[in-house]
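If you read the sequence from its start, that first residue is 1, and numbering goes on from there.
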Amino acid sequence: MRMVDIILKKRNGEELTKEEIDFFVQGYTKSIIPDYQASALMMAIYFQGMNKRETADLTLSMVNSGVTIDLSSITGIKVDKHSTGGVGDKTTLVLAPMVAAAGVPVAKMSGRGLGHTGGTLDKLESIEGFKVDLKLENFINNVNEYKIAVCGQTSDLAPADKKLYALRDVTATVDNVSLIASSIMSKKLASGADAIVLDVKTGNGAFMKTLEDSFTLAKEMVDIGTNLNRNVIAMITEMNEPLGYAVGNALEVKEAVATLKGNGPEDLFQLCIELGAAMIVLGGRTTDMAEAKQLLFNTINNGTALEKLKTMVRAQQGNAEQIDNLDLLPKAKNIIEIIAEKEGYVKVIDAEEIGKAALIIGAGRETKESPIDYSVGIILVKKVGDRISKGDVIAKVHINDLSKLEECKQKLNDAYDLSIEFPEKRPLIFGLVNKEGIHKY
């Protein structure tokens, strides 16, 4: 088998066999196949596409390029949740304790943020002492004992994806549904989950900007899971403004705790209820979504979800006192109010621009080696549908390095798109995709 023949075959729009896909993935992972040939194949796939079977085979081959996590020793059905990424997306910090408190084990392996703000791990590490690097044995023991653990992914998990993504990033071949779907699903499947709930964001702050593209990606990922005998549900959710009000690591922890106490932002809470109910149904706790939602409401009302978060923090050597007393979390030296320069109703908040504003002041990382300042971030004061007059405070910037303030301020003002008339509010959830097909709301 020769790599040049595989490239030629896909360039001509033909279907690759499982053996040809395996030959490429394993050869590239071991550095036998050079970057220039891998780049040529990625570009051929970008233009010619892959069918469902090819995409599933590519995913499985990437899963098998490294270690796979065996979670069979954890009692119950293990349900994972994955978000395609968004600004202010702290759902795991709320969702995982709620679902665990409702009796479904949450064994979640998360990644770090690269770009706007920190990922789930960075947010958790803003809690003093919290360890995200758990040995597998400790990870499994924590889930069996407490029904919850969140840790970092091992570098041996789907190494082919890591290598291919880096190549796609510099060869303009990222934006292909089969390649995106196989990238996400390879890591999820290698992580050992029995079932997966996908939160596919759509809008200006999401990877997929249009509803059509978001549903297409969701369908592709659900089909991969179905072809590989996993139960997968995807929800298409709003990202035309940040989720909640807080953007930044410690600030998002505070907002997550407020939500677990029952007084967080409505959009964050409702999204966690919807995604959490799907996790509970897939986890076999109940077959009825309405009953699953009631179970989650109960964990908020009786305080068990908040207690579950504190249990996880203690189990992973974090300072749970910071959950009881949020003032103990990292705090920025300065809080600067951003004043509106125009007036009208907030029509759209460009979530991507808000994310960039947070990155400027140190809440995210531009490279994998970049440090993150856990204390900085942005609290939005005005959101979509709110009326703004000149002189109103639209946001508060938590900042240490004041030399970055003007650039951050400009980004924030540019992010707000105002209209004279009251805007039509977009739904929080646009529909779901399961093995039966696409269901638009």
Side-chain angles (χ1 to χ4, degrees), residues 87-101 106 108 110 113 116-132 146 148-150 242-273 276 296 299-338 354 357-358 361-364 371-381 383 393 395-400:
V87 179
D89 186 3
K90 72 283 294 178
T91 51
T92 294
L93 305 185
V94 180
L95 192 67
M98 289 169 68
V99 172
V106 179
K108 179 149 182 58
S110 293
H116 310 322
T117 53
T120 297
L121 299 184
D122 300 298
K123 291 162 192 174
L124 287 169
E125 283 184 331
S126 67
I127 301 169
E128 182 184 31
F130 192 96
K131 290 182 70 68
V132 299
Y146 309 117
I148 186 170
V150 179
L243 185 62
Y245 292 90
V247 180
N249 299 283
L251 295 176
E252 291 189 46
V253 171
K254 291 179 182 180
E255 188 164 81
V257 172
T259 305
L260 290 172
K261 289 179 177 177
N263 51 21
E266 185 66 18
D267 57 348
L268 173 62
F269 180 66
Q270 288 301 326
L271 180 60
C272 289
I273 291 291
L296 292 170
T299 70
I300 299 297
N301 294 334
N302 62 25
T304 53
L306 182 61
E307 283 304 314
K308 191 63 74 173
L309 175 64
K310 290 193 279 189
T311 297
M312 180 183 76
V313 170
R314 282 191 290 265
Q316 296 186 219
Q317 300 180 36
N319 182 3
E321 286 184 37
Q322 292 185 322
I323 306 302
D324 287 321
N325 183 0
L326 297 174
D327 285 337
L328 297 176
L329 286 165
K331 288 190 285 190
K333 296 174 186 174
N334 309 286
I335 302 175
I336 309 294
E337 294 182 341
I338 305 301
I354 298 291
I361 60 175
I372 276 187
D373 186 341
Y374 298 122
S375 68
V376 302
I378 297 161
I379 300 291
L380 302 177
V381 176
K383 292 198 72 178
V393 176
K396 295 179 181 180
V397 177
H398 293 240
I399 186 171
N400 289 317

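- Residues Ile127 and Asn319 share a closest heavy-atom pair of CG2-O, 3.8 Å.
- A heavy-atom distance below 4.5 Å is not found between the side chains of Val253 and Lys90.
- Considering CG of Asn302 and CD of Glu307, their distance stands at 10.0 Å, rounded to 0.5 Å.
- In this structure the side chain of Leu306 never reaches within 4.5 angstrom of the side chain of Pro97, judged on heavy atoms.
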Could you tabulate the donor-acceptor pairs under 3.5 Å formed by side-chain atoms of residues 329-336, not counting sequence neighbours?
residue: Asn334; atom: ND2; partner: Ile399; partner atom: O; Å: 3.2

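- A distance of 5.0 Å separates CG of Leu268 from CG of Leu243, quoted to the nearest 0.5 Å.
- Applying the 6.0 Å contact sphere to NZ of Lys396 captures no more than 12 heavy atoms from other residues, nucleotides or ligands.
- Across all their heavy atoms, Leu296 and Thr299 have their closest contact at O-OG1, 2.7 Å.
- Gln316 contributes a side-chain N or O that, together with a main-chain N or O of Val150, makes up a donor-acceptor pair within less than 3.5 Å.
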* Give the intermediate values and the outcome of side-chain contact (heavy atoms from CB on, under 4.5 Å) for residues Thr311 and Leu309. => CA-CA 5 Å; Thr311 297; Leu309 175 64; over 6 Å; no
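- Here the closest heavy-atom approach between residue Val393 and residue Val381 is recorded as O-CG1, 3.4 Å.
- Within 6.0 Å of atom CD in Gln270, more than 12 heavy atoms from other residues, nucleotides or ligands are found, so the atom counts as buried in its surroundings.
- The structure places CD1 of Ile323 at 10.0 Å from CZ of Arg314, a figure rounded to the nearest 0.5 Å.
- A distance of 9.0 Å separates CD of Glu252 from OG1 of Thr120, quoted to the nearest 0.5 Å.
- A donor-acceptor pair is defined here as one N or O able to donate and one able to accept, closer than 3.5 Å; such a pair exists between the side chain of Gln322 and the backbone of Glu128.
- Closest non-hydrogen pair, Gly248 versus Ala363, comes out as CA-CB, 4.3 Å.
- Within the 4.5 Å cutoff, the side chain of Val94 has heavy atoms near those of the Leu260 side chain.
- Remark: the backbone N or O of Tyr146 is paired with a side-chain donor or acceptor of Lys308 at under 3.5 angstrom.
- When side chains are defined from C-beta on, Met98 counts as touching Ile273, because their heavy atoms get closer than 4.5 Å.
- Here the side chain of Asp373 pairs no donor or acceptor atom with the backbone of Gly362 at under 3.5 angstrom.
- Side-chain atoms of Gln317 do not come within 3.5 Å of backbone N or O of Gly129 as any donor-acceptor pair.
- Annotation: cation-pi pair Lys383/Tyr245 present, NZ/CZ under 6.0 Å from the ring centroid and within 45° of its normal.
- Taking all atoms of both residues into account, the shortest heavy-atom contact from Phe130 to Leu124 is CB-O, 3.4 Å.
- A 4.5 Å side-chain heavy-atom check between His398 and Ser375 finds every atom pair outside the cut-off.
- Asp89 approaches Lys123 most closely through the heavy-atom pair O-NZ, 3.0 Å.
- With contacts defined as side-chain heavy-atom distances shorter than 4.5 Å, the pair Val106/Leu95 does not qualify.
- Counting only distance, with no hydrogens or angles, the side chain of Lys261 and the backbone of Ile300 share no donor-acceptor pair below 3.5 Å.
- No side-chain heavy atom of Thr259 sits less than 4.5 Å from a side-chain heavy atom of Cys272.
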